[in-house]
Structure formats: structure tokens, C-alpha cells
Amino acid sequence: MARDLAVRYLGHSCFLVTTPKAKILIDPFLTGNPMAAAKAEDVECDIILVSHAHIDHYGDAVAIAKRTGAMIIASYEVALHAGAQGAKVHPMGCGGGRDFSFGRVQLTIAHHTSSVDGPSGVVSVGSPVGFLIQAEGKTIYFAGDTALTMEMELLGKRNQIDLALLPIGDNFTMGPIDAAEAARMLQAKLTVPMHYNTFEMIQIDPQVFVKEAGRHGCKVKVMPVGSTVEIE
Ligand code: NI
Ligand code: MN
């Protein structure tokens, strides 16, 4: 019997997915995010998915992993970078999938960059990815930071996506019009926008996305930070 998944929006691109088997935290950026719904010190989880090494996705991952014992799943170089700081990690490669005790994770293509700003300047750390997460008979697609890409058409064709989480903030990722086209290609039962209004460069009216995606027949929910959706 398929059981419900609860997905809580903690702000920016950070979500906490609760299944009967695990709590999966995606892209924890809570410290330094004025809009965050939780403090990094208070989050409990078993798994942390990190889409790329930019601070607004990777920010609190290592600290939370070390405090909770959660395992970080990320692309190879990001996983090694986190592992070198003492986190438990599982490296994967873009396109690769794996069955874990809680469900399946596949890394998907994201057109973006991945870097850290270290003592010796900005250093590239691996490649950015998105995630296809399958658990309890449900499928969630988390796009990460990405441009609109034709790969999304394939993802939509080959998966019955229950929930698609898409960046809409423009400047660093897809803007609302491109994201609506992504939603059209993905054909998810529900699409939720992310990665907007956290700071000045990604200020956007999410209703532009809601309207445009609606024209494509897509159901969108703008999740207030701190709110939860149940996937049934
Ligand atoms: Ni980024
Ligand atoms: Mn970002």
C-alpha cells in the first residue's frame, strides 16, 4: 500500500521530505537565509541531498550531517568535498540511480555551475545535478539550479512525476516563463516553485509562473515558507 509523503518547504531550495522510512533533507541553506523556516541546529534528518556546491544549497549540509549522522548523497566531487570535512557521504554520477533503504535516487542533468568560495578563491567542485526521488510509490523531481533544458521533456515522458520542484527566480536559473515551459514538459501532478525572493537578485512575482504554467494546463502550488504538502 502506498503511503503519503510529506514535503515541507524550509525556504529557498530547501525541502524536507518525510517518508515512513526516512527524513530526506534537500539543499539545506538555513544559516544566512533570512527567510528560512528552521534553524540548521534544529533539523533532524537521515539523508541529505545536495544538488551542487553553491553556498545557497550546500551551506548547512556538512554541519547537519555531522550533528545528525545523516548521509549526504551528491555528485562525486561534492560528496568527496563533504566527506573530507567529516560527513558520511555517498557519491553518485549524473544519470546514475541507486536503490537505498528508503527508496531510489537518480541524479538528473542540470545546466548550471558548482563551486565553493574558499581561501584561495572560487574553485569548481564537480557538476550540478537535480534529483529524481522515488519512495512509497511516489516520484518527486527536484530540478536543482538549472536552465530550461530539453532533458526535462524526457523526464516527463519516462516518469509519472507526482511533484516537481522548479527554480523560477531568474538571473541564476530559469525565470518564470522558462520554468512554466519546464512544467509543461514534466507534466507533474503538482508543480511547486522555489529559488526566488530569497535575495534581491532573484526577486520575482511567483504569480507570473502560476499564470503561465496554468496556460499550459499545469497545477501549481506556491508554498509559503514553512508550509507542507502531502503527496497522496
Ligand atoms: Ni547555484
Ligand atoms: Mn542557487
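All residue numbers refer to positions in the sequence shown, counting from 1. A quick note: this is a predicted structure, and the numbers were derived from the prediction, not measured. Whatever order the structure lists ligands and atoms in, that order sets their numbers, starting from 1.
For D56, the N, O or S atom with the smallest separation from the Mn ion (ligand 2) is OD2. For H195, the N/O/S atom at the shortest distance from the Mn ion (ligand 2) is named NE2. The Ni ion (ligand 1) lies closest to atom OD2 when only the N/O/S atoms of D145 are considered. In terms of distance to the Ni ion (ligand 1), the nearest N, O or S atom of H54 is named ND1.
A donor-acceptor contact closer than 3.5 angstrom links the side chains of T31 and D60. Side chain to side chain, H12 and N197 fail the donor-acceptor criterion of an N or O pair below 3.5 Å. For the residue pair H81 and Q85, a side-chain donor N or O sits within less than 3.5 Å of a side-chain acceptor on the partner. If you check the side chains of H52 and S127, you find no donor sitting under 3.5 Å from an acceptor.
With the Mn ion (ligand 2) as the vertex, atom NE2 of H57 and atom OD2 of D145 span an angle of 80° (nearest 10 degrees). Angle NE2(H112) to the Ni ion (ligand 1) to NE2(H52), rounded to 10°: 100°.
Residue H112 forms a side chain to side chain donor-acceptor pair (under 3.5 Å) with just one option from T173, D145, T146, and that option is D145.
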